[in-house]
> 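This is the structure I want to talk about, given as structure tokens.
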Amino acid sequence: MLRNDFLGVVRSEGIRGYSVTEVGPWIKAEAQERGEVEEIFREMAIDSGHNAVVKLSFTPTSERVLDGYGHKGNPYYKKEHNRTWEGQCVSLEKAHRHESSESAHLAKVK
């Protein structure tokens, strides 16, 4: 798959105008910002042979980590906030448009 064929990373279950042809694996990554994870997921999807990631969501996480020691030798901590993102790789192709019944009727009348 060419990198130019990648369609995007979206929160919805698909991309308007495209239909799902193959459902791939769920993928996860930790990142603070959506832009960071979009790049990571883009590479992961392309490597697995898919051209989009759908159902993007995140779970906020925080972890208490040692930040140093006070003057009496007591440890002090800080919280590091992060997000665990997940999405599902899919292969999409352009959906075929069906004529609406009204436009089909008008074509027959002409």
Side-chain angles (χ1 to χ4, degrees):
M1 165 177 298
L2 299 175
R3 299 209 183 286
N4 295 339
D5 293 338
F6 188 76
L7 297 172
V9 178
V10 296
R11 296 182 71 111
S12 62
E13 292 193 15
I15 296 177
R16 182 176 290 178
Y18 291 85
S19 57
V20 176
T21 58
E22 182 184 339
V23 177
W26 282 88
I27 53 177
K28 286 186 176 188
E30 287 197 17
Q32 189 61 30
E33 300 297 323
R34 179 175 173 158
E36 296 172 51
V37 83
E38 283 183 0
E39 282 301 312
I40 294 167
F41 280 4
R42 179 179 190 266
E43 294 301 319
M44 292 171 82
I46 290 170
D47 289 345
S48 67
H50 297 89
N51 65 352
V53 176
V54 297
K55 301 178 186 176
L56 178 69
S57 64
F58 71 89
T59 304
T61 58
S62 63
E63 185 178 351
R64 193 174 147 196
V65 295
L66 182 64
D67 194 33
Y69 295 93
H71 67 282
K72 293 184 178 181
N74 295 327
Y76 57 92
Y77 299 89
K78 68 177 181 179
K79 277 193 174 184
E80 287 186 352
H81 300 279
N82 211 350
R83 295 177 178 167
T84 301
W85 297 82
E86 68 178 3
Q88 188 170 28
C89 294
V90 293
S91 293
L92 301 174
E93 70 177 22
K94 197 86 159 151
H96 301 294
R97 295 189 62 154
H98 298 288
E99 288 187 54
S100 69
S101 59
E102 183 178 328
S103 63
H105 175 71
L106 291 174
K108 289 179 185 176
V109 171
K110 290 181 180 179

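Just so it is clear, the model here is predicted, and its values are computed rather than measured. Keep in mind that the numbers below use all heavy atoms, side chains included, and drop hydrogens, waters and symmetry copies.
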> Locate the shortest heavy-atom distance separating Gln88 from Gly24; write the atom from each residue and the value.
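Of all heavy-atom pairs spanning Gln88 and Gly24, the closest is NE2-O, 3.3 Å.
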> Given side chains that start at C-beta, do those of Leu56 and Phe41 come closer than 4.5 Å, heavy atoms only?
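Counting from C-beta outward, Leu56 and Phe41 do come under 4.5 Å.
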> Can you see which heavy atom on Asn82 is nearest to which on Glu30, and at what distance?
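That closest heavy-atom pairing would be ND2-OE1, 3.3 Å.
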> For the CD atom of Gln32 and the CZ atom of Arg83, what is their distance to the nearest 0.5 Å?
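It comes to 5.5 Å.
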> Quick one: CZ on Arg42 to CG on Leu7, what's the gap to the nearest 0.5 Å?
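Here the interatomic distance stands at 10.5 Å.
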> Please name the pair of heavy atoms, one in Leu66 and one in Pro75, separated by the smallest distance, quoted to 0.1 Å.
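Heavy atoms of Leu66 and Pro75 come nearest at CD1-CB, 3.6 Å.
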> Ser12 and Val54: which non-hydrogen atoms are nearest, and at how many Å?
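Where Ser12 meets Val54 most closely, the heavy atoms are O-CB, 3.4 Å.
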> About how many Å separate CE of Met44 and NZ of Lys28, when rounded to the nearest 0.5 Å?
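Reported to 0.5 Å precision, the distance equals 11.0 Å.
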> Verify, without hydrogens or angle tests, whether Trp26 (side chain) and Glu86 (backbone) share a donor-acceptor contact under 3.5 angstrom.
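No, the answer is negative, given that no donor and acceptor are paired below the 3.5 Å cut-off.
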> Measure across Tyr18 and Lys94 and return the closest heavy-atom pair with its distance rounded to 0.1 Å.
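Scanning both residues completely, I find the closest heavy atoms to be CD2-N, 3.5 Å.
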> Taking atom OH of Tyr76 as the centre, report whether more than 12 heavy atoms of other residues, nucleotides or ligands fall under 6.0 Å from it.
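Yes.
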> Does Ser91 offer a backbone N or O that forms a donor-acceptor pair with the side chain of Thr21 under 3.5 Å?
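Flag set: sc Thr21 to bb Ser91 pair under 3.5 Å.
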> Would you kindly confirm whether Val9 and Val20 end up in one hydrophobic cluster when ILVMFWY residues are joined by side chain heavy atoms under 4.5 Å apart?
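Different clusters.
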> Spell out, yes or no, whether Val53 and Ile15 are grouped together once hydrophobic residues are joined by side-chain heavy atoms under 4.5 Å, including indirect joins.
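Result: no, two separate clusters.
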> Can you tell me if CZ on Arg11 sees more than 12 non-hydrogen neighbours from other groups inside 6.0 Å?
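Atom CZ in Arg11 is not crowded, with 12 or fewer foreign heavy atoms closer than 6.0 Å.
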> When you group the ILVMFWY residues by side-chain heavy-atom contacts below 4.5 Å and let the links chain together, are Phe6 and Val37 in the same group?
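They do share one cluster, since a chain of ILVMFWY contacts under 4.5 Å joins Val37 to Phe6.
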> Where the side chain of Asn51 meets the backbone of Leu92, is there a donor-acceptor pair that is under 3.5 Å apart?
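Checked: pair present.
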> Roughly how far, to the nearest 0.5 Å, is the CD atom of Glu38 from the CD atom of Glu33?
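These two atoms lie 11.0 Å from each other.
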> So, Ser19 side chain and Ala95 main chain: donor-acceptor pair closer than 3.5 Å or not?
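The answer is no, because no donor-acceptor pair under 3.5 Å joins these two groups.
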> Show the nearest heavy-atom pair for residues Ala52 and Ala45, with the distance to one decimal.
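Heavy atoms of Ala52 and Ala45 come nearest at O-CB, 4.3 Å.
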